[in-house]
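Because only heavy atoms are used, hydrogens play no part in the values below, and waters and symmetry mates are left out as well, while side chains stay in.
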Amino acid sequence: MIRVPRLVVAAPSSGSGKTTVATGLMAAFAGRGLAVSPHKVGPDYIDPGYHALATGRPGRNLDAYLCGPERIAPLFGHGAAGADLAVVEGVMGLYDGAAGQGELASTAHVAKLLRAPVVLVVDASSQSRSVAALVHGFAAWDPGVRVAGVILNKVGSDRHEELLREALEGSGVPVLGVLRRTKVVRAPSRHLGLVPVAERRAEAVESVAALAGRVREGCDLEALLALARSAPPLPDEPWDAARELGAEPVGSGPRVAVAGGAAFTFSYAEHTELLRAAGAEVVPFDPLRDEALPHGTAGLVVGGGFPEVYAPELSENRPLRQQIAAFGGPVAAECAGLLYLARELDGAPMCGVLDARARMAERLTLGYREAVAVTDNVLAPAGTRVRGHEFHRTELVPGAGPEPAWGLVAPERRAEGFAQHQVHASYLHVHWAAAPAIAARFVAGCARRWDAGGTGEAAGSGEAGGTGNADGAGKAGGTGRGSGSGETGSTGKTGSTGEGVGSTRSTA
């Protein structure tokens, strides 16, 4: 049984101010001494970073496409354990979900799965009486969705507020907050959305504090808390990493190094939890600063982020690149990690584990994907089916190796990524909570290397062209080049809200 007061913050469309309101609410309630659990609908990695800053707890994703509807409440219960309140930020418009699949993965879908009341954030900047028709339509569209309040954003004046409140008096949906139009709180964006917290922490702290102040001033926090407490208990049991693995830890304490720092900020918290539950010792490292892998590293995880922004700095860290080129142990790389393992990104030398070159692209590639493992590899046996999300503005040449990491089967069929030796590298982001066997298989491979005494201690040598070999053997020990790229967001908007923090989304 899950008993946590909760709210879902939704909107009619992207750009209405969901992230502004959700992050401000999280920070405002945390400032009152409440333990606030932050959640985000969809695959977006960036907004949860701001949520974590606002609450002091890990931002957690609730994606019914990636993880399956049956896991949403358990994952929510796991993330919200011990919390006084949970705030769930939606994605795109309230009813927008995975393309062509009805309500699947929409904010409305997740709200129903959580039996949570919805607070609708409306951009009121260009309307007055029409706001009542808009709110009525969203509240009446699906009887299973409880739109229980509205927060009016970008309100221009006292008179404008008065007109909006008058229009909504007969709607049956109470006004729980009014935020005035302002340019005081802004967050910078770039090609894949907001700049992550890790790249602008001091400024991000100020932004979140300012959002909390706006929300405290403009919203009825007592009414919102009472609304959250009206959510009924959920019959589900919280998700548990050890239980999901279904067995004793498969490893014997192998050390798994996980890339972090400003260039590699994208990761789901459950991945690390699954690695630990499978028996691994997880140790972070920063490819921008650390010249060597952690002592005794038996496996390497390089997730998503923005290494294209830091390509020169990553390239300058030649000792680490050489060591990774010669590593030879299990490696799991997604999107940015894929490009960091390649020979180069826009000419900047990288690790050269993969015989491929990366460059920035003119068009964004994004959307949900269905995929199957083509061959046995370090993450999955052949035939394993997964769902993932792709979101980047780079391209790799070639896009797949002789043994691809995945075969995409929907919405298009193509080979994707590289599965060679003990390396699995792909643009595809997969949520391991939906496939915990991935973590178990990876840690088992690390344990075999650990038990055999093979760890990533020796650095590679030379730079006369990468071998493309995951074990770093042969070809004069060259390290080659390559880099990482952009990442997955959530669903359908690019840029900020213009009134606070907001990020890039996609759900195709």
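- The main-chain N or O of Val131 is found under 3.5 Å from a side-chain atom of Gln127 such that the two form a donor-acceptor pair.
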Item to check | Trace of the side-chain hydrogen bond (donor to acceptor under 3.5 Å, both in side chains) decision for Tyr268 with His429 | outcome: CA-CA 10 Å; Tyr268 297 128; His429 293 279; over 6 Å; no
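- Note: His424 NE2 to Ile438 CD1 = 7.5 Å, rounded to the nearest 0.5 Å.
- Using a 4.5 Å cut-off on side-chain heavy atoms (C-beta onward), Pro12 and Leu120 make contact.
- Arg6 places a side-chain N or O within donor-acceptor distance of the main-chain N or O of Pro232, the cut-off being under 3.5 Å.
- When side chains are defined from C-beta on, Asp158 counts as touching Arg180, because their heavy atoms get closer than 4.5 Å.
- Classification of Arg359 and Asp346 as a salt-bridged pair fails, no side-chain N sitting under 4.0 Å from a carboxylate O.
- For the atom pair CG (Leu179) and OG1 (Thr20), the distance works out to 8.0 Å, reported to the nearest 0.5 Å.
- Under the ring pair (Phe, Tyr, Trp, His ring centres under 6.0 Å) criterion, Tyr65 pairs with Tyr368, not counting sequence neighbours.
- Ring orientation note: the planes of His271 and His431 are nearly perpendicular, at an angle over 60° on the 30°/60° scale.
- Remark: side-chain polar atoms of Asn153 are paired, donor with acceptor, to backbone N or O of Ser16 under 3.5 angstrom.
- Taking NE2 from His51 and CD from Glu89, the interatomic distance works out to 4.0 Å, rounded to the nearest 0.5 Å.
- A salt bridge links Arg60 with Glu273; the closest basic N to acidic carboxylate O contact falls under 4.0 Å.
- Judged as a side-chain hydrogen bond (donor to acceptor under 3.5 Å, both in side chains), and not counting sequence neighbours, the contacts of Arg146 are Ser230.
- Closest of all the heavy-atom pairs between Ala105 and Ala98 is CB-N, 4.3 Å.
- A donor-acceptor pair is defined here as one N or O able to donate and one able to accept, closer than 3.5 Å; no such pair exists between the side chain of Asp84 and the backbone of Val36.
- Taking CG of Leu364 as the reference point, atom CD of Glu362 lies at 13.0 Å (rounded to 0.5 Å).
- Taken to the nearest 0.5 Å, the CZ atom of Arg214 stands 12.0 Å off from the OG1 atom of Thr23.
- Checked against ring pair (Phe, Tyr, Trp, His ring centres under 6.0 Å), His78 has the following partners two or more places apart in sequence or in another chain: Trp239.
- Without hydrogens or angle criteria, Ser315 side chain to Ala311 main chain gives no donor-acceptor distance under 3.5 Å.
- For Ala108, the side-chain contact (heavy atoms from CB on, under 4.5 Å) partners two or more places apart in sequence, or in a different chain, are Leu94, Tyr95, Ser106, Val145.
- Contact annotation: the side chain of Glu334 approaches that of Val430 to within less than 4.5 Å [non-hydrogen atoms, C-beta and beyond].
- Applying the 6.0 Å contact sphere to CZ of Arg414 captures more than 12 heavy atoms from other residues, nucleotides or ligands.
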Checklist entry - side-chain hydrogen bond (donor to acceptor under 3.5 Å, both in side chains) between Thr394 and Tyr427: does it pass, once the steps are laid out? => result CA-CA 10 Å; Thr394 59; Tyr427 269 123; 2.7 Å; yes
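- Panel note: side chain Thr384, backbone Ala380; no donor-acceptor pair is recorded below 3.5 Å.
- Annotation: the span from Trp432 atom CH2 to Leu379 atom CG amounts to 6.0 Å, rounded to 0.5 Å.
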Next on the checklist: Using side-chain contact (heavy atoms from CB on, under 4.5 Å), reason through Leu25 and Leu221 one step at a time and then give a plain yes or no.
Outcome noted: CA-CA 8 Å; Leu25 284 173; Leu221 295 183; 3.9 Å; yes
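- Counting heavy atoms from C-beta on, the side chains of Leu227 and Leu176 come closer than 4.5 Å.
- Checking side-chain atoms of Asp290 against main-chain N and O of Phe285 turns up no donor-acceptor pair under 3.5 Å.
- Applying the side-chain contact (heavy atoms from CB on, under 4.5 Å) criterion to Ala410, with sequence neighbours excluded, gives Glu370.
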Item to check | Step-by-step side-chain contact (heavy atoms from CB on, under 4.5 Å) determination, Ile151 to Val122 | outcome: CA-CA 6 Å; Ile151 292 176; Val122 175; over 6 Å; no
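- In this structure, Gly77 and Ile2 approach most closely via the heavy-atom pair CA-CD1, 3.6 Å.
- In this structure, Leu75 and Glu270 have side chains that are in contact, with non-hydrogen atoms separated by less than 4.5 Å.
- Within the 4.5 Å cutoff, no side-chain heavy atoms of Val87 are placed close to those of Thr55.
- Residues Asn61 and Pro48 are in side-chain contact: their nearest non-hydrogen atoms beyond the backbone lie under 4.5 Å apart.
- Nearest heavy-atom pair across Leu428 and Ala371 is CD2-CB, 3.8 Å.
- Here the shortest heavy-atom pairing between Leu62 and Val110 reads O-CG2, 4.0 Å.
- Side chains of Val372 and Trp406 form no contact here, defined as non-hydrogen atoms less than 4.5 Å apart.
- With sequence neighbours excluded, the residues satisfying side-chain contact (heavy atoms from CB on, under 4.5 Å) with Pro233 are Met1, Arg3.
- Residue Phe306 is tested with Tyr45, Phe266, Tyr340 for a ring pair (Phe, Tyr, Trp, His ring centres under 6.0 Å); the sole match is Phe266.
- A search for side-chain hydrogen bond (donor to acceptor under 3.5 Å, both in side chains) contacts involving Glu416 returns Ser426, not counting sequence neighbours.
- Here the shortest heavy-atom pairing between Thr107 and Val8 reads CG2-CG1, 3.5 Å.
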Item to check | Audit row: Val119, Val150, side-chain contact (heavy atoms from CB on, under 4.5 Å) steps and yes/no | outcome: CA-CA 5 Å; Val119 176; Val150 60; over 6 Å; no
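- Among pairs with a residue in residues 115-140, those fulfilling salt bridge (Lys or Arg N to Asp or Glu O under 4.0 Å) read Asp123-Lys154, at least two apart in sequence or across chains.
- Under the rule for a side-chain contact (heavy atoms from CB on, under 4.5 Å), the partners of Ala228 that lie at least two apart in sequence or sit in another chain are Pro5, Leu7, Leu85.
- Each salt bridge (Lys or Arg N to Asp or Glu O under 4.0 Å) pair with one or both residues in residues 221-237, not counting sequence neighbours, appears once here: Arg32-Glu222.
- Of the options Glu162, Glu161, Glu169, a side-chain hydrogen bond (donor to acceptor under 3.5 Å, both in side chains) to Arg165 is made by Glu161 and by none of the others.
- Qualifying side-chain hydrogen bond (donor to acceptor under 3.5 Å, both in side chains) partners for His39, counting only residues two or more places apart in sequence or in other chains: Ser37.
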Next on the checklist: Using the rule given for side-chain contact (heavy atoms from CB on, under 4.5 Å), can you reason through Leu168 versus Val135, listing the C-alpha separation, both sets of side-chain angles and the distance that settles it, and then say yes or no?
Outcome noted: CA-CA 8 Å; Leu168 288 165; Val135 171; 3.8 Å; yes
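- For residues 136-145, every residue pair satisfying the side chain to side chain donor-acceptor pair (under 3.5 Å) rule, not counting sequence neighbours, is listed here: Lys112-Asp142.
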